[in-house]
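Index from 1, following the sequence.
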Amino acid sequence: MPSNPYTPGQVPRILAGRAVEMRRIEDLLARVATYGELGGPLLVFHAPRGIGKTSLLRAGQRRAVESGFVTAWVACSRQQPVLAEIAYGIARALERADAVPAGAAGNRWRGQLERLTVEVGIPGAKVQAELSRKEAAAPPHAAIGVLESLLHEAAASVRQQGGAGLLLLLDELHTASADEMAVLLNTLQNLDGERTDNPLATVAAGLPVTPEALTRAATFGERSSFVSLEVLSDDDARAALVAPADAEGVGWSEAALAAIVAESRGYPYLIQLLGSTTWDAAAPGTGDRLTLAAVKRGLPVARDQLAAMHRARWGAASRLEQRFLAAMAAAGDGNVTRAAIAAGMEVDSRAISVPRERLIEKGVIEPVGHGLVRFTLPGFGAFVRSLDDA
């Protein structure tokens with residue numbers, strides 16, 4: 001029996017519906033590879049969870065490796081200093097590629113690496129203390145200078161040894177602190193001043209709050225290239241189902257495809273989940289076809305998984321946030337106005353700003369226009385309403 005190509009949580013082997021976004025990454029890489037210079041400003045893809053940000057970054061990473069780049073992947077987290085993780089990620093990438101600068105340049109580079117990881121990676125260290133001070137008016141120049149030198153030396157070394165350049169990928173960028181974002185933005189700004197000496201591209205992904213967070217961290221953060229990822233069209237959703245199965249020698253019936261496209265509403269994670277539960281229910285062999293009957297057998301498992309995600313999001317919300325969500329769910333499943341939510345909570349519209357912003361930061365809801373928000377996970381509104389019936 002072929003292996004399940006839709007296993008939830010794994011990066012899909014075949015990326016569907018992101019041709020335009022992939023071209024943005026490819027254009028960035030082409031500039032670095034062709035001219036040996038900085039690819040341009042920070043490229044940021046932003047979307048709610050489950051829309052395929054990480055999958056897109058991984059696809060871009062694979063394309064970069066095929067084009068001769070050394071790639072450093074950093075999974076940002078509030079639990080770890082992001083600048084230190086960038087340093088560790090670059091060091092690992094260069095060591096794997098045997099591209100660590102040689103001679104005196106190598107000694108200088110190792111010193112920069114050690115300095116950055118010590119200064120921003122150990123609680124209580126000088127720069128870490130500066131980074132944590134809320135009253136600090138500007139990012140610590142020591143960290144900016146060291147990160148700038150580190151990136152320059154790393155990218156130049158890759159190029160000198162025959163590679164195309166260095167690609168830095170930052171996932172979950174929204175979890176970085178404002179000071180860390182400021183250091184990163186200032187560093188890229190400085191490198192742009194000598195772009196012909198820096199064969200480097202930087203691509204990031206984060207929740208919808210990321211553009212605003214970057215702009216708050218540094219006013220010129222608005223010069224970054226921001227790209228919003230949307231749900232997949234029906235045709236792209238079909239491609240996301242058909243292509244992986246086809247690679248395993250398995251087909252789909254039209255009825256089965258139509259059922260999953262309707263159920264998933266273009267949400268990439270749900271497409272992957274429904275494909276996986278259908279596959280497991282059918283246990284197909286090479287030459288078989290996935291049918292509507294298999295979709296129906298797998299659907300309860302998929303819905304149970306989705307319900308578990310709903311419960312987790314509800315459980316992680318504070319009492320005030322739960323009141324906000326209940327009022328929002330009562331107003332409907334589409335775009336909901338600020339006024340409707342405030343009325344449901346029986347408060348002034350100004351009083352809902354704090355829970356609204358916190359829920360946006362958590363990726364539970366997203367702004368979709370002036371005064372409008374919607375749930376980011378399909379079916380969440382219905383789940384919240386069901387709590388009143390329990």
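With hydrogens and angles ignored, the 3.5 Å screen pairs no side-chain donor or acceptor of S253 with any backbone N or O of T291. Judged by distance alone, with hydrogens and angles left aside, the side-chain atoms of Q322 form a donor-acceptor pair with the main-chain N or O of W314 at under 3.5 Å. At distances below 3.5 Å, at least one donor-acceptor pair connects side-chain atoms of R323 with backbone N or O atoms of M345. Side-chain atoms of S149 never come within 3.5 Å of backbone atoms of V146 as a donor-acceptor pair (strictly under, hydrogens ignored). Judged purely by atom type and a 3.5 angstrom limit, R92 has no side-chain atom pairing as donor or acceptor with the backbone of A72. Looking at K53, its side chain never comes within 3.5 Å of a backbone N or O of A204 through a donor-acceptor pair. At least one donor-acceptor pair closer than 3.5 Å links the side chain of H310 to the backbone N or O of P378. A donor-acceptor pair under 3.5 Å is formed between the side chain of T376 and the backbone N or O of V364. Checked by atom type and distance alone, the side chain of H174 pairs as donor or acceptor with a backbone atom of L207 at under 3.5 Å. Checked by atom type and distance alone, the side chain of E148 never pairs as donor or acceptor with a backbone atom of L188 at under 3.5 Å.
To the nearest 0.5 Å, atoms CZ (F226) and OG1 (T215) are separated by 4.5 Å. Here CH2 of W279 is found 7.0 Å from OG of S3. Values are rounded to the nearest 0.5 Å. Interatomic distance, CZ of R18 versus CD1 of I51, reported as 7.0 Å (0.5 Å rounding). Remark: E230 CD to E21 CD distance equals 9.0 Å, nearest 0.5 Å. Taking CZ of R313 as the start and CZ of F380 as the end, the distance is 7.5 Å to the nearest 0.5 Å. Remark: M309 CE to R49 CZ distance equals 9.5 Å, nearest 0.5 Å.
In the hydrophobic clustering of ILVMFWY residues, with side-chain heavy atoms under 4.5 Å counting as a link, F220 and I144 come out together. Both L299 and I271 belong to a single network of hydrophobic side chains, linked directly or stepwise wherever heavy atoms of I, L, V, M, F, W or Y lie under 4.5 Å apart. Under a hydrophobic clustering in which Ile, Leu, Val, Met, Phe, Trp and Tyr are joined whenever their side-chain heavy atoms come within less than 4.5 Å, directly or via other members, F375 and V209 fall into the same cluster.
For the residue pair S157/Q161, the side-chain donor-acceptor check at 3.5 Å is satisfied. Looking only at atom types and distance, the side chain of S177 has a donor-acceptor partner in the side chain of E180 under 3.5 Å away.
Using a 4.5 Å cut-off on side-chain heavy atoms (C-beta onward), P268 and L232 make contact. Between F45 and I25 there is a side-chain heavy-atom pair separated by less than 4.5 Å. With contacts defined as side-chain heavy-atom distances shorter than 4.5 Å, the pair D27/R31 does not qualify. Using a 4.5 Å cut-off on side-chain heavy atoms (C-beta onward), D333 and R385 make contact. Within the 4.5 Å cutoff, the side chain of F324 has heavy atoms near those of the I365 side chain. The side-chain heavy atoms of L214 and L184, taken from C-beta on, include no pair separated by under 4.5 Å. Side-chain contact between L270 and E263: absent, with no pair of heavy atoms (C-beta onward) separated by less than 4.5 Å.
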*Verdict with reasoning, L151 to N198, per side-chain contact (heavy atoms from CB on, under 4.5 Å)*: CA-CA 8 Å; L151 288 172; N198 294 292; over 6 Å; no
*Please walk me through it: do E321 and K362 pass side-chain contact (heavy atoms from CB on, under 4.5 Å)?*
CA-CA 11 Å; E321 291 164 359; K362 290 179 178 181; 2.7 Å; yes
*asked:* With side-chain contact (heavy atoms from CB on, under 4.5 Å) as the criterion, how do L42 and L173 come out once you've worked through the C-alpha distance, each side chain's angles and the decisive distance to 0.1 Å?
replied: CA-CA 11 Å; L42 176 65; L173 182 58; 4.2 Å; yes
*asked:* I'd like to know whether T71 forms a side-chain hydrogen bond (donor to acceptor under 3.5 Å, both in side chains) with R62, so could you lay out the CA-CA distance, the side-chain angles of the two residues, the decisive distance to 0.1 Å, and finally the verdict.
replied: CA-CA 9 Å; T71 67; R62 290 193 295 270; over 6 Å; no
*Test log, rule side-chain contact (heavy atoms from CB on, under 4.5 Å), inputs V158 and F69*: CA-CA 8 Å; V158 173; F69 282 80; over 6 Å; no
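Under 4.0 Å is where a charged nitrogen must lie from a carboxylate oxygen, and between R238 and D235 no such pair does.
Screening L290, I260, L257 against V295 for a side chain to side chain contact (heavy atoms under 4.5 Å, CB included) leaves a single residue, I260.
Summarising the local packing, CG of D348 is surrounded by more than 12 heavy atoms from other residues, nucleotides or ligands at distances under 6.0 Å. Under a cut-off of 6.0 angstrom, the local environment of OH in Y35 is sparse, with at most 12 non-hydrogen atoms contributed by other residues, nucleotides or ligands. Residue-environment remark: CZ (R358) stays at or below the threshold of 12 foreign heavy atoms within 6.0 Å.
S77 approaches V82 most closely through the heavy-atom pair O-CG2, 4.1 Å. Looking at every heavy atom in both residues, A302 comes nearest to L274 through CB-CD2, 3.6 Å.
For the pair R58 and W73, the cation sits on the ring face: its NZ or CZ lies under 6.0 Å from the ring centre, inside 45° of the axis.
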